[in-house]
Amino acid sequence: MTSLQTAAAEMEKDVEFDPAAVSIIRQHWIDRQLKKRELEFTEYRTVTVFCGTYNVNAKIIADEEVQRLEEWLFPDAGELADIFAVGFQEVVDLNAVNVAMDGKSQQRAQAWQDKLDAVLNNKRREERYVLVAERHLVGILLLVFVKGVHSKKVREVYGASVGVGLMGMAGNKGGVSMRLKFYDSYLCFVCAHLAAHRENVEGRNSDFTNILQKTIFVDKALSGEADTPVTGQGDVTEETRKYFSEVLDVESTLQTGISILDHDVVFFMGDLNYRLDESVDTEECFAKLKAHDLDFLQRYDQLNMERIQGRVFSGFSESPLNFLPTYKYQPGTSSYERRPEKKLRCPAWCDRILWRAKEPEQVRCLSYRRAELGLSDHKPVAAQLLTKVRMVVKAQRQEVAAEIHRLLDKVENDQHPKVTLEVFDNSTLGSPRPLNTIDFGLVRYGVECRQALTITNVSNVAAHFRFVPKLEEETICKSWLSIQPRFGMLLPNEVGQINFKILIDLKTAKMLNTGRDLLDDILILRLENGQDFFLSVGGTYARSAFGMDLEDLASCHGPVRFLPLTAAKWSQFQSSTSTADKPHLPPTSVGGPTLSVPKELWRLVDALYRRGLTEKDLFIQPGVLTEVEGVREALDTGEELEENVSVHSLTEVLLSFLTSLASPVIPRNLLPSVEIDAQILRPWTRRFLEQLPPLNYNIFVYLVSFFREVLKYHESNRLNTEKLATICSKTLLPCNELHWGDSVEVASGPAVGKGEEHQRLQSMQVIFHYFLTTSVF
Amino acid sequence: MANRGKQAAQSKYDHLIKLLLIGDSGVGKSCLLLRYSEDSFTPSFITTIGIDFKIKSLPLEDKKLKLQIWDTAGQERFRTITTAYYRGAMGILLVYDVTDERSFANVKNWMRQIEQHASESVNKILIGNKCDVDPADRRVSLEQGRKLAEEYGIIFFETSAKENVNVDEAFYTVARDIALRIDNEVDLTASGKNVKIGPGVGRAGGKECC
């Protein structure tokens, strides 16, 4: 390979059409269309989501007291929540051992899970809840339960944990998250424990930011099912896969990150540790609490202030804090911690629940409150949130998808060329018929018939058309038909014409005359990358004596035209006439044995005998075309020959009749194989006559006798022996491809060269001369 | 070279499935195709004078199928010509008209044509079209159709292109079976997966075994 070739090959590789790429882009387009029309197949269902958060200060509720959790979990008498997302903080002491080792956390997580499970599935209530997943990180625990009826609608559950505590990564502070597909909405629950200490607002803000940034859902272990890739894998090259990685693979999307904010709704709960602004004195706070001036205190809530400043929880919502601060209590009591031995802390709303919805109107907070459990130095907080979740109605989605596909299919189908065909019907003077039949009507021997078809490209693409052969055939049509053009191209709206011509010549006449072929064919007109048209082409063949076998002609009593046409009928006809009773044909006009000649021959010779012997330039001057056709027609139909028809037309028909015969009057095997000189002339011609088959003999004798008669009038018709011998050579000998074709096949011995054939014809000229000038027979 | 690669990729990525509609003239082959591909119907009879195809994409859950559906002329005189198109077909939908006994009687001739000219593994489905007609005009019962399909061991649907009954189901069933067959042929280790029959009224219990 030269470097140039290599370069060319490289280039071909680069520009190569990649069907996989097309398919991926197409799928991507379909997905986007579906997304746009989402409303058409999406219904919304309102569900109640319970979010709870409780810093339990490493305590665990005793089994006998577990029912007390109901106050927190089931605040309202109304409908029970569909989802319970319950977050805990400090399920274990946040000591170094627990931060490093999971054992204790695991144990406590399990304990809380069992207790919650017991409360949620209390036999007093009919509803059953099932755990979707549990996730914990040191002291932080998140449990998500759903009502049993929804369990099948929970999919794609992933969890993630992020530590933002010591060294910015330990799990003493941080967040655990869980995401899931609920019906067709993506929900995310986050339970967080942010940095402590009243002054450390920035620390909490950055903990929040870190949790958002670092939480990436990749863990599939939580999910029961493996995700199926969006697109088929198939034969996609590595390059293509790489190029389209973001749409091709859910997995890679997961790796680059589904993060918290990618969800339809995010529920964020936990001990966020925001306090009252330091400008509020602790005693003042207690005073305001006593006066129940929560409005005042809310204004100084650090989280509210930071949110107003846009420094944290951007896009999140929270209901007003219409409950007392939840921290810090004297455990087991409903009193804030004011014992002298303890550090005095300003009460604060550490425990909070916020949410963020892509479409804000889809979440409404029903209640936001605290419960009065005395287990911990925090009080638990709960929010009931009415949330609209999407439900894709499968049947409707399929209908939309089907519409989109139909549109695409239409575009694709319109890429195929389309043409209309119109046949011009001669009989109705050029009015087009949208049919696929080309009817030539009555077709006569030797008379050219034409039909045309217009082809119009009615598509938006170039149309390439061509006629193709039928299965297992080699030619596009039968030999009596010719098509012009056989192929072509049309631009959109371009109109073309295809011409069809039927000419029955001696090559095709025999099969048609004997009913072995019919003027009937089906053509296949192929549009590349489109339709195949079947065109029926045909007509009624006017059977003619021209192009028939002498034997067949001699066995016909009546006009050839009216013989039965099918092959079967023809053979019946032959067998019934080839018996003893040979048809009675007109007597010959010359002496000798009374033998039959075809009546067509007799009629022509008879007419010439009566009217033409003295005609000047007899056999030399051509006839008139219309008269020639008329004479042929009269011969075939048995009608009288018109009296005023020119003699030259008669001679032309006679000569063409002889040359059209399916086999020549003088068979090829009787041609001389040696040079004929004066010595052997006589014996050779005698043997020649003996060898001629009876019918051929009759015709030969009949014609030579007639020509001898003609020669008697040579002064007026200006013929001579030479001219007539030439005419004999041209009409009685094998004179067309068909004749030669037949005989070359059966020729025995060495192949006969063209020069040799010429030699034989020359010899025949001598022989004809002899017959014309002597009086044998 | 580039061409060959192109085709391989095409056939693997989107399954291209060639289907052929056959049956007597006037049973509604073109109408079924029109209903399936464009979801429309025309009551006027325009005889098909050749062979034409439509592309129809059929996204299944796990793969994308692209159907190339060939509609043939049903007229007797074109019969020998149309058999030339059997060879490339992966599935053949043989349609008769429930109001026309002759078209039903001819099913056996069509089956013979399939045997002679189609590939051996071709998936077949028998469809009795025009099931929306007044029961008084019906000449072939649901049971007769079902029984014949059972004899041949092929799937059966009665459809109505006019009222859009079972049209999607019929095409879907045969296309999906072909996709499964091709998958199985590719993955020779997969032992004869059992094929679930999709929804649809009047399907035959008999299932072609491959």
Q: Tell me, for B/Thr48 versus chain A, whether the close heavy atoms (under 4.5 Å) come from the side chain, the backbone, both or neither.
A: neither
Q. Side chain, backbone, both or neither: which part of B/Asp39 has a non-hydrogen atom closer than 4.5 Å to chain A?
A. both
Q. Would you call the rings of B/Trp70 and B/Phe53 parallel, tilted or perpendicular if under 30° counts as parallel and over 60° as perpendicular?
A. tilted
(Q) Heavy-atom pairs under 4.5 Å with chain A: which of B/Ile81, B/Asp71, B/Leu58 has the most? (A) B/Ile81
Q. With distance as the sole criterion, is a donor-acceptor pair present between the side chains of B/Asn123 and B/Asp177 under 3.5 Å?
A. no
Q | Ionic contact status for A/Arg466 with A/Glu528, cut-off 4.0 Å | A | yes
Q | Test item: B/Leu16 and B/Gln68 side chains (from C-beta on) under 4.5 Å apart, heavy atoms | A | yes
Region of [X] that comes under 4.5 Å of a non-hydrogen atom in chain B:
{"X": "A/Asp520", "answer": "neither"}
{"X": "A/Lys410", "answer": "neither"}
{"X": "A/Leu407", "answer": "neither"}

Q.
Can you tell me which of A/Leu525, A/Leu471, A/Val22, A/Asn413 forms the most heavy-atom pairs within a distance under 4.5 Å of chain B?
A. A/Asn413
Q. Is the cationic atom of B/Lys56 (NZ for Lys, CZ for Arg) positioned less than 6.0 Å from the six-membered ring centroid of B/Phe171 and within 45 degrees of its normal?
A. no
Q. Is the count of non-hydrogen atoms from other residues, nucleotides or ligands lying under 6.0 Å from A/Lys153 atom NZ greater than 12?
A. no
